[in-house]
Amino acid sequence: MASPRSFGQPGPPPPPPPPPPARLLLLLLLPLMLPLAPGAWGWARGAPRPPPSSPPLSIMGLMPLTKEVAKGSIGRGVLPAVELAIEQIRNESLLRPYFLDLRLYDTECDNAKGLKAFYDAIKYGPNHLMVFGGVCPSVTSIIAESLQGWNLVQLSFAATTPVLADKKKYPYFFRTVPSDNAVNPAILKLLKHFQWKRVGTLTQDVQRFSEVRNDLTGVLYGEDIEISDTESFSNDPCTSVKKLKDNDVRIILGQFDQHMAAKVFCCAYDENVYGSKYQWIIPGWYEPFWWEQVHTEANSSRCLRKNLLTAMEGYIGVDFEPLSSKQIKTISGKTPQQYEREYNNKRSGVGPSKFHGYAYDGIWVIAKTLQRAMETLHASSRHQRIQDFNYTDHTLGRIILNAMNETNFFGVTGQVVFRNGERMGTIKFTQFQDRREVKVGEYNAVADTLEIINDTIRFQGSEPPKDKTIILEQLRKISLPLYSILSALTILGMIMASAFLFFNIKNRNQKLIKMSSPYMNNLIILGGMLSYASIFLFGLDGSFVSEKTFETLCTVRTWILTVGYTTAFGAMFAKTWRVHAIFKNVKMKKKIIKDQKLLVIVGGMLLIDLCILICWQAVDPLRRTVERYSMEPDPAGRDISIRPLLEHCENTHMTIWLGIVYAYKGLLMLFGCFLAWETRNVSIPALNDSKYIGMSVYNVGIMCIIGAAVSFLTRDQPNVQFCIVALVIIFCSTITLCLVFVPKLITLRTNPDAATQNRRFQFTQNQKKEDSKTSTSVTSVNQASTSRLEGLQSENHRLRMKITELDKDLEEVTMQLQDTPEKTTYIKQNHYQELNDILSLGNFTESTDGGKAILKNHLDQNPQLQWNTTEPSRTCKDPIEDINSPEHIQRRLSLQLPILHHAYLPSIGGVDASCVSPCVSPTASPRHRHVPPSFRVMVSGL
């Protein structure tokens, strides 16, 4: 793209170039035109004839004048302004002693006729000093290209085509009307005024509009204004309009005629490319109320008139200013407003032309140029007169050219000055408001200033449209009220955990707390408090901490939550494992598992966690990543779009690391479930937490699964995600702590001894021994509790000492009985049966007192068997003999006391009563029978 053109005065004139092709064409056609040349020249219509003594300065006027030509109205409309200018110049005697002689030639906007008119003027007319006119671009460009060969300077008042701005091709061409390209600096100024830095162009495929667009590209280059999209069309603009919308073009610079303008705005309505978000800038040289003229065509394209007007609302038109709005006297001594009134009075029934002011100023430019040329000739030593000019006079032609470049005065169209032959005029801005065009500002090309008329320009929104969709990157933050509420709940949970810790430490010497392993309880509380603490870290995002701090928090909160989980559940499962190890090991008489061993187990679990976390941090650490979501409309209704940003803690292989952590935690949960199931029948509440562990594992598992799923689905909503994660952690930690400590708290306040009592628990194992089931008596104590074990051992020692004293008493009684003179050498058959019944009681229930009670009950229930039983044979032989005689009593005692002594010993660890008997084996008796099942009891002792 070329750099912007620098404007300045032209340098010294180059030597005359060879005749251009157009001039050669004219020379070839000249013999053919001579016979046809009519008298086509004359005075300006209506202009007063000068005195006969005044020499004329002939000017060639080329313009369409016939009514059959569309642009003929332009020529006819400017003639009243030309007559006013010539009259005022003559009245001021600006060219004394000369007068302007404008000779008009009708070009009819036809190349051949325009070329013929030009040659008629040269051949049959006087020597014209200059050419005035040029309306139709094609005719004007052909003639302007050959002017240098004729040493003629042309001044146009209506040719706006940018093609004629090429000074290398048209060095002798000037125009008082600004070029179509002259609007581009004004557009640039407008864009800068509203700080629009991104635009798009929509151009009709016509050379005139393409030239303007190309020049605009050069003007905008280097001005920090981006042309984001350039679209062109031939007949259907809808595709191009849609592309502009898809490319997010908000400021659209259009170059098309008024017929295509209707189609463009209909497409804009269909694509919703209008309203407060868009701004259309189009040419402003359309005919007045042009939309009324083309609405029929718009309706034919299925575009209603109201839709067309709706889409047109607010567009800005850019065009040159026909007349200056300043109340300043011009070179003629009249203000532009005074001139306009005179022009309207002068034109009578002729239609107005928007170029009349430029034609008026053009006559004044010619007069001032000839005046300076005359002054230059007068000051030279050649003493050449201006009326001596001919088409081969290169010197005078250059004098006139230089005088034209020096033009500078204030006319009815503003300041008249040329830069490289281009008029530096005034550009006006109009806006379509409520079905009419309103002037909203103007641009002065000479001063390069833009003036916006106060309170006239209106935008459909509360502010000017944005040049693009303003994307406001907004970090999705965790709501401060939500964070405060959840933090308050977390603090309450930590207070509850602290209360449980105080309760556990204060009552650590109580049997209930001591049997439940207070050190493990402390670890459970510590794990819960670590889990609570992680909630504070999960709630800290970019709104509270910096990016670097957030990245550190990613690691810290993961470590805290992982360690807290393992500490709490590891301690809980370690306790359960100790109960399982004691009550499932029936072959071991004594198994002591101290808290130190449980701490080692928990430490091993934590060591596994640390290994995983350290490898994670060393190999693939967590990093702060920002996820960008699709744009959303502004909730406040502003013309901006919100692009949500969300911070995440992620790494390259996030799925693998999470899978390892979840697998380890899952195995830990399964192990806890297994232990809880195995110890479900242990009925000592102080020892067995299996029911509460199972409930805790169930709740934690369900909540973690639900929380993980919902958290994944709501990862784009940080408030919802944080709320779910925090509530899951609070619920799991709270329910776990409450299930562990609330039952102990209740039991300790209501019945502290009930939880420590042995409820005759038993483990039943099936053993195959010759297709029979046997019941194995299991006596065990909680070896884990040292204090409980010592108390039981002391009680056992006391009972053994008491049993020893009783043994001594029994032995003394026995020895005394054995020293009696009468010794019974026989036992009656009925006594043998009684002894067999007694000896069959080989096991006693829970204590020696229980054994004695059973024996006593047996004797009490069968007194006759001891004291009233008589031997049948003896009765027959000696019926007089008393069974309760002292002799019989002594005999019975001598036999019963040793038997009782041996039957009592098994209850305190002595010989088995079923195997040791001082008398004849029960099986030797023919009348032996088994003891009923009611007498077979389990012995549970110390």
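What you see is a predicted model, and the numbers here were worked out from it, not measured in a lab.
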| task | Would you check if L523 and L599 make a side-chain contact, meaning some heavy-atom pair closer than 4.5 Å? | result | yes

Check: Where the side chain of Y532 meets the backbone of I495, is there a donor-acceptor pair that is under 3.5 Å apart?
Finding: no

> Distance only, no hydrogens: is a donor on one side chain within 3.5 Å (strictly under) of an acceptor on the other, for T469 and D248?
Replying inline: yes

For the NZ atom on K665, are there more than 12 heavy atoms of other groups (residues, nucleotides or ligands in this structure) within a distance under 6.0 Å?
yes

In terms of heavy-atom contacts, D541 and R476 come closest through OD2-O, 4.2 Å

What one should report as the nearest heavy-atom pair of C554 and T558 is O-OG1, 2.8 Å

On a heavy-atom basis, the closest approach of L737 and A497 is CD1-CB, 3.8 Å

Which of E650, E551, E547 passes salt bridge (charged side-chain N to carboxylate O under 4.0 Å, His left out) with R624? Answer is E547

Sorted by chain and number, sequence neighbours left out, ring pair (Phe, Tyr, Trp, His ring centres under 6.0 Å) with Y662 holds for none

Decide side chain to side chain contact (heavy atoms under 4.5 Å, CB included) for M605 and I601; before the verdict, give the C-alpha distance in whole Å, the side-chain angles of both, and the deciding distance to 0.1 Å.
CA-CA 6 Å; M605 296 179 183; I601 295 175; 3.9 Å; yes

Check: Sub-3.5 Å donor-acceptor pair from the side chain of Y483 to the main-chain atoms of F536, do we have one?
Finding: yes

- Message: Between L658 and W616, is the side chain to side chain contact (heavy atoms under 4.5 Å, CB included) condition met? List the steps.
- Response: CA-CA 10 Å; L658 288 179; W616 189 351; 4.0 Å; yes

task = Look only at the side chain of D609 and the backbone of V563, and say whether a donor-acceptor pair between them is shorter than 3.5 Å.
result = no

Q. Should the pair E805-K802 be classified as a salt bridge under the 4.0 Å nitrogen-to-oxygen rule?
A. no

(Q) Taking atom CZ as the centre, does F550 end up with more than 12 heavy-atom neighbours from other residues, nucleotides or ligands that are less than 6.0 angstrom away? (A) yes

| Any donor-acceptor pair under 3.5 Å from N504 side chain to P518 backbone | yes

query: Is the closest side-chain heavy-atom distance between I478 and Q721 below 4.5 Å?
result: no

Any chance you could lay out the side chain to side chain contact (heavy atoms under 4.5 Å, CB included) test for F731 and L727, step after step, and finish with the verdict? CA-CA 6 Å; F731 177 81; L727 290 178; 5.9 Å; no

Of all heavy-atom pairs linking A571 and I524, the shortest is CB-CG1, 3.7 Å

**Study point:** Side-chain heavy-atom pair R198, R250 within 4.5 angstrom cut-off
**Key:** no

Taking the side chain as C-beta and beyond, is there a heavy-atom pair between L553 and F538 under 4.5 Å? no

Hey, is CZ on F544 packed in by over 12 heavy atoms from elsewhere, all under 6.0 Å? yes

